[in-house]
Amino acid sequence: MDSSLLVSCRSLGAGYPCGENPINMVSLSLACGGAALVMCYWLVRRLRSFERGTDEMNKLSDKIQSGAKAFLTTEYKYLSGFVFLVFVVLLAIYTADPVTGKYLGGDGDRVDGIRAGSCFLAGAMLSAAAGWAGMMIATDANVRTTQAADKQGLSVALRVAFTGGAVMGFTVVGLGLLGVSLFFYLMTIDRDTATSMFGSTNPGTLSAAVDSLASFGFGASSIALFARVAGGIYTKAADVGADLVGKVEMDIPEDDPRNPAVIADNVGDNVGDVAGMGADLFESFVGSIIAAATLANGDAIKVTLPFWIAGAGIVASMIGFFAVGTKDGASQKQLLFALHKGVILSSVFVLAFSAIIISQLFGHDSDEGWKLFACIAIGLIAGILIGQATEYYTSYSFWPTQSITEAGITGPATVIIQGLGIGMISTVAPVLIIVATILGCNALSGQYGIAMSAVGMLSTLGVTLATDAYGPIADNAGGIAEMAELEERVRETTDALDALGNTTAATGKGFAIGSAVLTSLSLLAAFKDKAGITTVDIGDPVVLSGVLFGAMLPFLFAALTMLSVQKAAGAIIIEVRRQFAQIEGLREGTAEADSDKCVAISTQSSVEEMILPGVYAVLSPLIIGLLIGPKCLTGMLGGSIASGMMLAIMMSNAGGAWDNSKKYIEIEGACGGKGTTTHKACVVGDTVGDPFKDTSGPALNILIKLMSMISLTAAPIIRGWEDWQYWYWGLIPIGLCLIATVLVWHFYWRHSQDIAAPIDDLIKTEEKAVDLPESDVEAPAAEGETAPAGE
């Protein structure tokens, strides 16, 4: 690249950060990533200063944590095989066809295979580690939140739950920024013979290094997809099973200890909404940085900028954390404002820090620098506006959710109709915001400006994710209060926090979808650049075919995950009905439910059901790219981004609104309060909405990011290919898809159970079912084995 094209770097002294050593470029991000982990350590110490409560509360909390650990251990065992296989493939491909030669001349460096493989491993391991750490803290914070609600009131309970969520937030940004910064530096080392072992800042070396980072994003995306899908299936199978049998058939309260699926339901909140969401936003966070660095095209300052903005966002999030707080007896609007204070204050500080960084790197009078600052600000504001729009459609403080409750007066059918309508119309505002962001940033700074808007949107992720991860902690706290049979006032406090958590979770999902779209668009632009595609004609039949195929994929993916929830929930329903029918005294509360069995069923079902959606997501871009070519793949990515965004927003918001329409009755006493026909109608709506908002909807934003990241990783391989030029290579992923489909159908889908059959027949069918080997599913609790039903 011509050095005259590079932005002039304003030195801060001794050539910093524009010297010959690329460690200068990521020094600030490394320091801020380390500070985030120090913040996590302080938060954990602070969290553990709060009391855990009674022995019964601790027993329940330990069972929830044990079940969550058993699920993640089983899931990670399966994923380790996938990660090893992809590592070997990347090692072989990039050793045979290294990318270094494309930037630095010559035949390339055969070490590129090791570089790509190691980046993939690092991305996968750090993503998994972030999910595990968040889950462990969340399952410890739940019982402390219950105790605080009992002994110290609403304000302290909010602080405890938010502290637990903040550990998740700062773990994600700390590990993410540390990992991507460190591996960027490592990828610059020994790229050409003209540089020292400490790396080089020449454009060719930086471009080659960023190319290797695409594999880091691929690893993070892969774990995020499987964690989100498996966790979502787990939590909603248990939730739907518990609600339909417990609340609808048996007419017992939510989280009643007599319900065998209650522990599994609470476990699911952690593996789906904490570990799953953490892995999801970990990938978005590092993906936005990688996309922006890729579109910098070797410009040292433009490569540096996303790393530094992300680091500044961590510092701003730390400041925002201390602004969160409320008073006892606060209303839902006051609770929402308590969390908004932290996000708004963080955003203000991000803008201030970004202005300082821009002025130092680009100079005070640089038009290009201030245009990029405007893009960062636009992205940050867009994230806040999407969150506000999502809150309006999903909080019971506003008309849309209240209208669903009122529709319940005429039965569950009208609840479903109204909820679907609210979900569909809720797509308008986020789309307008995203479109305005794209057009504005493109006019200011082109594709790089759009990428920086995504970095700006995700810069406050430390505190934004804390408000999201807080929700499952509050939900678990309410469950523990109910199961431990604490006073009603405690449940009222935790219900208020839980309703707030439902809204913040919906807001977090909207934020995740918006950031995923901007990140995916940036990755698409990077893919076009790396694949050598200059223009894309939407009227070209090859491109249009790709668009149509890509637009179909989110619907296929959502359908598979919805069907998986239905299938897994059916197994839970059968088991819960069996226990109520066979365990004497369970209905009266004189006998104890076998919750371990439901945990084991949810674990087995979710791990089985994650395979097929994951295989299709990973192999679809490879099928199109290898079989047809990069132009068709470009169309496929565009179609999947547009379709995936609409479907994800609709499903997430409709599900959140259905959930809070039920909470509106339970907490505010609307339409006659609990136990009325209106309440039961809204419970049905909530049950339909559960897989919408917690399984299929959230997984779609990972789908579009994963396919974009895989395409970017493969771009150097298919660069310059004509349509159908090497079609025979596409037969390999097609064959793998067919084999996976046949195997999954044979082992997991062909033995279906009729949930309408008599209990005795269901038991006989269940006894014939094939369980996972005992070594593959750890016992969720030491109190008993998970023997087949009926023994």
Side-chain angles (χ1 to χ4, degrees), residues 43 145 154-166 168-170 173 273 277 281 313-353 377-401 426 429-430 433 456-475 496-515 652-653 656-657 659-660 663 667:
L43 288 170
T145 302
L154 180 66
S155 61
V156 177
L158 173 66
R159 171 57 64 181
V160 175
F162 187 72
T163 300
M168 175 82 264
F170 287 106
V173 295
D273 292 336
M277 176 61 86
L281 287 172
I314 289 178
V315 178
S317 296
M318 292 178 183
I319 298 171
F321 168 81
F322 293 100
V324 174
T326 189
K327 60 183 179 180
D328 288 336
S331 66
Q332 280 294 303
K333 287 187 177 180
Q334 290 172 324
L335 287 171
L336 280 169
F337 178 70
L339 297 182
H340 288 165
K341 286 188 296 184
V343 176
I344 292 171
L345 185 62
S346 298
S347 301
V348 170
F349 274 95
V350 165
L351 290 177
F353 294 151
I378 289 172
L380 194 61
I381 294 170
I384 294 174
L385 292 178
I386 289 173
Q388 293 295 314
T390 304
E391 179 184 315
Y392 173 73
Y393 284 105
T394 58
S395 172
Y396 71 61
S397 299
F398 303 102
W399 173 82
T401 297
S426 71
I433 294 168
M457 183 180 288
L458 287 160
S459 60
T460 59
L461 183 61
V463 69
T464 305
L465 181 53
T467 64
D468 190 6
Y470 139 90
I473 296 173
D475 193 359
L497 294 176
D498 185 23
L500 175 65
N502 287 335
T503 303
T504 59
T507 303
K509 291 180 178 75
F511 174 83
I513 294 166
S515 62
S652 295
N653 288 351
D659 192 353
N660 273 341
K663 294 291 184 185
I667 297 176

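Keep in mind the model is a prediction, meaning the values are calculated, not measured.
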Y470 (side chain) donor-acceptor with V160 (main chain) under 3.5 angstrom: no
V324 and K341, any side-chain heavy atoms less than 4.5 Å apart: no
M277 vs M168 side-chain heavy atoms within contact, under 4.5 Å: no
Residue pair [X] / [Y]: nearest heavy atoms and the distance that separates them:
X	Y	answer
L43	A166	CD1-CB, 3.7 Å
L465	L281	CD1-CD1, 3.6 Å
S346	G342	OG-O, 2.8 Å
F353	A316	CE1-N, 4.0 Å
G456	L380	O-CD1, 3.2 Å
A157	L497	CB-CD1, 3.7 Å

side-chain contact (heavy atoms from CB on, under 4.5 Å) partner of V350, the single match among L345, I314, I319, T460: T460
Distance under 6.0 Å and angle within 45° of ring axis: R159 vs F322: no
S426: side-chain hydrogen bond (donor to acceptor under 3.5 Å, both in side chains) partners, not counting sequence neighbours: N653
Aromatic ring pairing Y392/F398, orientation class (parallel under 30°, perpendicular over 60°, tilted between): tilted
Separation between [atom1] of [X] and [atom2] of [Y], rounded to the nearest 0.5 Å:
X	Y	atom1	atom2	value
T145	D475	OG1	CG	11.5 Å
T401	Y393	OG1	OH	11.0 Å
S347	I384	OG	CD1	3.5 Å

Intermediate values then yes/no, side-chain contact (heavy atoms from CB on, under 4.5 Å), I513 and S652: CA-CA 10 Å; I513 294 166; S652 295; 3.9 Å; yes
